[in-house]
Amino acid sequence: MSRAYPPRTDAAGFATEAKKHLGQNFLHEKGVIAKIVQAIDPKPGDVVVEIGPGQGALTFPLLQRHGALTAIEFDRDLHAPLQAAARAHGTLRLVEGDVLGVDFSALAAELAPADGRIRLVGNLPYNLSSPILFHALDHAGAIRDMHFMLQKEVVERMAAGPGSKVYGRLSVMLQAYCAVTPLFTVPPGAFRPAPKVDSAVVRLVPKPADRIEVADRVMFAHVVRAAFGQRRKTLRNALQGVADASAIEAAGLRADARAEQVEVAGFIRLANLLASR
Ligand code: SAM
């Protein structure tokens with residue numbers, strides 16, 4: 001698509017105005033950047049893949065520390081200045097496009113043939129955080145760990161347990177496949193432009209295949225989605241057409257419980273039972 005006016009740029013060629021529709025809130029606070037790099041702590045041989053490098057706030061310090069990095073960026077106005085500025089720091093391989101179209105399993109097979117797993121990092125575009133998390137889950141076997149900056153409220157939902165008001169589909173889906181560890185919060189002032197909300201950095205470590213208890217991923221996702229679709233309803237009502245009261249009880253759950261009271265293991269038992277029938 002051609003544009004009448006190219007964006008105004010700074011001396012390095014980066015647009016001076018962030019694109020809101022791409023969730024562009026660029027990190028500038030050096031202390032926060034150092035803390036994230038420290039949390040990632042890349043070791044020789046690690047294959048690090050960054051989602052949304054933007055203007056390089058995390059990319060360049062990671063390159064300085066690790067030497068090489070692959071980054072996936074959608075905004076084509078960023079590609080040339082990012083490549084140019086990266087040269088002073090290390091070897092950047094840039095994947096130009098939408099992260100949701102990137103096959104992490106194929107990328108891991110290509111970049112990390114020995115281990116078959118990559119390390120994902122990124123200050124994510126907040127408007128896409130759930131789709132990116134679910135996309136990563138689909139490739140969890142190809143990912144060693146993930147370090148993401150997200151809205152604090154999203155990180156709270158990811159890590160919540162039963163009984164919490166924010167325990168929901170995201171909590172159950174992520175915790176079935178990953179260990180979720182919130183690391184630290186980041187105030188709006190660390191970004192330019194400043195978002196309206198607090199942010200937080202979270203670490204996700206996918207469980208090894210032999211520790212994942214979900215027998216049928218599609219059935220599990222279906223049950224969890226239905227159960228939380230109407231979270232005020234009892235399981236018996238919310239799961240109509242998916243599981244009847246006898247199946248719910250056979251899985252060791254109370255049919256009059258609500259989804260927000262059910263542990264991750266309970267959803268797994270129910271989905272496994274339904275899948276086995
Ligand atoms: N890492 C930079 C930083 O910390 O300053 C930028 C973070 S900014 C919150 C999110 C970045 O993701 C932006 O550079 C944006 O252009 C990019 N982005 C947005 N949607 C994307 C998508 N679908 N695929 C890849 N990158 C995307």
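For ligands, and for the atoms within them, numbers begin at 1 and follow the listed sequence.
Neither the backbone nor the side chain of Ile51 comes within contact range of ligand 1; no heavy atom lies under 4.0 Å. Looking at Lys19 against ligand 1, nothing comes within 4.0 Å, counting heavy atoms.
In terms of N/O distances under 3.5 Å, ligand 1 is not approached by Ala57. Residue-to-ligand polar distances keep Leu124 apart from ligand 1: every N/O pair is separated by 3.5 Å or more. Considering backbone and side-chain atoms together, Leu27 places an N or O closer than 3.5 Å to an N or O of ligand 1.
Scanning the protein for heavy atoms near atom 19 (C) of ligand 1, the closest one is Leu22 O, 3.1 Å. The shortest contact between atom 2 (C) of ligand 1 and any protein heavy atom is with Pro53 O, 3.3 Å. Glu73 OE2, 3.3 Å is the protein heavy atom nearest to atom 17 (C) of ligand 1. Closest to atom 4 (O) of ligand 1, if we only count protein heavy atoms, is Asn123 ND2, 2.8 Å. Closest protein heavy atom to atom 26 (N) of ligand 1: Phe74 N, 3.4 Å. What sits closest to atom 8 (S) of ligand 1 on the protein, heavy atoms only, is Gly23 O, 3.6 Å. If you check which protein heavy atom lies closest to atom 1 (N) of ligand 1, you get Gly52 O, 2.8 Å.
Classified by interplanar angle (parallel below 30°, tilted 30° to 60°, perpendicular above 60°), the ring pair Phe267/Phe228 is tilted.
Near Glu50, the atoms of ligand 1 lying under 4.0 angstrom from a non-hydrogen atom of the residue are 1 (N). The atoms of ligand 1 that sit less than 4.0 Å from any heavy atom of Asp75 are 16 (O). Taking every heavy atom of Gly97 and a limit of under 4.0 angstrom, the matching atoms of ligand 1 come to 24 (N), 25 (C).
Taking the centre of each ring, Tyr177 and Phe134 stay at or above the 6.0 Å mark.
Inter-residue side-chain proximity for Gln261 and Arg254 is flagged as unmet; no heavy-atom pair is nearer than 4.5 Å.
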In sequence, state the C-alpha distance, the side-chain angles, and the governing distance for Gln230 and Asn237, and then conclude on side-chain hydrogen bond (donor to acceptor under 3.5 Å, both in side chains). CA-CA 9 Å; Gln230 295 159 310; Asn237 289 332; over 6 Å; no

Listing, residues 48-72 side-chain donor-acceptor contacts under 3.5 Å, not counting sequence neighbours, or none:
from, atom 1, to, atom 2, distance (Å)
Glu50, OE1, Thr59, OG1, 2.6
Gln55, NE2, Ala15, O, 3.4
Gln64, NE2, His89, ND1, 2.8
Arg65, NH2, Asp41, OD1, 2.5
His66, NE2, Asp46, O, 2.8

